[in-house]
Amino acid sequence: MTGQPGKSDSASFQSGELLPLSFYAVSALEAAPRLLGQVLVRETAEGTIRCRIVETESYGGIEDKGSHAYGGRRTARTEIMFGEGGAAYIYLIYGMYHCLNVVTGPPDDPQAVLIRAVEPLTPGDEALMRARRGSRARRPVDLSGGPGKLCRALEIDKSLNGALLHRSDSPLRLEAGWPGPGRAPAAAPGGEAAPPPAVIAAPRINIAYAAEYADLPWRFYYRDNPYVSVIDKERGVPY
DNA sequence: TTCGGGATTATCT
DNA sequence: GATAATCCCGAAC
């Protein structure tokens, strides 16, 4: 473990396999950059949608003034964050949009990672997402670049709150991705895998109320990825 | 292309 | 009663 959580000693997993429960047994600050590149799987009536996570935000525990669990606030809404890592925490924001989070850490230590942007893996996945976004989804960022938008595209609402992301029978789960950009495994058999895209760390979005926690670089995204919601050219730094 | 304001309701004070 | 981990559309430049 180094001073830069998640940068070192991150385990690699077999592409396409479910991420094991142990993947979630770390702090949100460690998990947030590690979640980049992993694959979110959503089962809908129309079919299975797979998409790669390309932007995340860490909400780390009771001392983080940006977190719903700040000060240990344990309510019906935040209850799932107080459970074991591996569950989905989903809430309604501004009366009309849902946000998806991945709970991390041990029980009674409320931490979560907000999923802010995803990209479809295949044209088939994109078509299923586009069907829910309609004509609004002109550019990639309009399809699923933003926490509310990706929940719309993936038909995610509070009925999925508490879904266990490590279980194969869950309608919402997480599989190991593959390193490198693109929409297919980068390495040919016996070939060398492409290096993963560069990661940028930048301040989180729309949490001015979080005071001294508002400017911490706890948002992570792939540089140059067209699905990322906000490119921070001023404060974004290589991770 | 950028900017400003309205939408809409669960949640907490 | 006020607020919110946001999005969308129309107006203006």
Side-chain angles (χ1 to χ4, degrees), chain A residues 27-29 31-33 35-36 40 53-82 85 87-105 109-119 129-163 165 172 200-221 226-236:
Chain A
S27 71
L29 194 52
L35 278 164
L36 295 177
L40 185 64
I53 297 171
V54 300
E55 181 183 354
T56 61
E57 275 181 2
S58 167
Y59 285 86
I62 62 176
E63 74 275 7
D64 180 2
K65 291 183 179 176
S67 171
H68 291 163
Y70 170 60
R73 280 170 30 209
R74 185 167 186 162
T75 66
R77 180 177 65 156
T78 64
E79 183 62 29
I80 196 71
M81 274 201 286
F82 286 80
Y89 167 46
I90 298 162
Y91 62 89
L92 184 67
I93 188 69
Y94 296 111
M96 43 193 331
Y97 299 106
H98 293 276
C99 288
L100 168 66
N101 297 249
V102 174
V103 176
T104 76
D109 184 0
Q111 307 202 39
V113 177
L114 173 66
I115 307 302
R116 284 196 57 89
V118 299
E119 64 174 354
M129 293 164 66
R130 198 170 282 277
R132 293 200 180 68
R133 296 292 296 136
S135 58
R136 277 177 295 270
R138 201 172 173 286
R139 302 164 300 164
V141 71
D142 301 317
L143 179 67
S144 54
K149 282 180 272 191
L150 75 87
C151 282
R152 281 278 172 85
L154 298 176
E155 199 175 299
I156 292 170
D157 60 26
K158 283 195 70 176
S159 69
L160 291 169
N161 189 38
L165 301 170
L172 185 66
I200 301 294
R204 296 173 291 179
I205 302 295
N206 285 340
I207 55 160
Y209 57 85
E212 72 272 24
Y213 285 83
D215 295 320
L216 296 174
W218 286 357
R219 184 166 68 100
F220 304 89
Y221 59 87
Y227 288 84
V228 170
S229 66
V230 179
I231 308 295
D232 195 329
K233 289 186 176 176
E234 295 177 2
R235 298 182 292 176

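All of these numbers come straight from a predicted model, not from anything done at the bench.
Considering only heavy atoms from C-beta on, A:Val141 stays 4.5 Å or farther from A:Val228 through its side chain. Considering only heavy atoms from C-beta on, A:Ile62 stays 4.5 Å or farther from A:Tyr70 through its side chain. Side-chain atoms of A:Asp232 and A:Tyr221, non-hydrogen and from C-beta on, do get closer than 4.5 Å to each other.
One finds no side-chain N or O of A:Asn206 lying less than 4.0 angstrom from the OP1 or OP2 phosphate oxygen of C:dA5.
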Within the sub-3.5 Å range, which N or O atoms of nucleotides 1-5 of chain B have a protein N or O partner, and how far apart are they?
none

N/O to N/O distances under 3.5 Å, protein versus nucleotides 10-13 of chain B:
| from | atom 1 | to | atom 2 | distance (Å) |
| --- | --- | --- | --- | --- |
| B:dT11 | OP1 | A:Lys158 | NZ | 2.6 |
| B:dC12 | OP1 | A:Thr75 | OG1 | 2.1 |

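Lacking a ring centre under 5.5 Å from that of the base six-membered ring together with a plane angle below 30°, A:Tyr94 does not count as stacked on C:dA4.
Base engagement by A:Gly66 is indicated by at least one non-hydrogen atom pair under 4.0 Å involving a base atom. Among the atoms of the strands shown, only primed sugar atoms or phosphate atoms (P, OP1, OP2) are found under 4.0 Å from some heavy atom of A:Ile93.
A cation-pi arrangement, defined by a distance under 6.0 Å to the six-membered ring centre and an angle within 45 degrees of its axis, is present between A:Arg204 and A:Tyr59.
In this structure, A:Asn101 places its CG atom 14 Å from C1' of C:dA4, rounding to the nearest Å. C:dA5 atom P lies 16 Å from atom CG of A:Leu150, rounded to whole Å.
The nucleotide C:dT3 finds its pairing partner in B:dA10, both defining distances of the Watson-Crick or G-U wobble pair being shorter than 3.5 Å. When Watson-Crick and G-U wobble pairs are counted only if both distances are under 3.5 Å, B:dG4 pairs with C:dC9.
If you check distances only, the side chain of A:Tyr91 does reach the base of C:dA5 with a donor-acceptor pair under 3.5 Å.
Listed here is the closest heavy atom pair of A:Arg219 and A:Pro203: NE-O, 3.2 Å. In terms of heavy atoms, A:Asp64 sits closest to A:Ser58 at OD2-O, 4.2 Å.
At most 12 heavy atoms of other shown residues, nucleotides or ligands fall within 6.0 angstrom of atom CD in A:Glu234.
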Along nucleotides 8-13 of chain C, 5' to 3', which nucleotides get a B, which get an S, and which get a -, given that the test is a protein heavy-atom distance under 4.0 Å? S-----

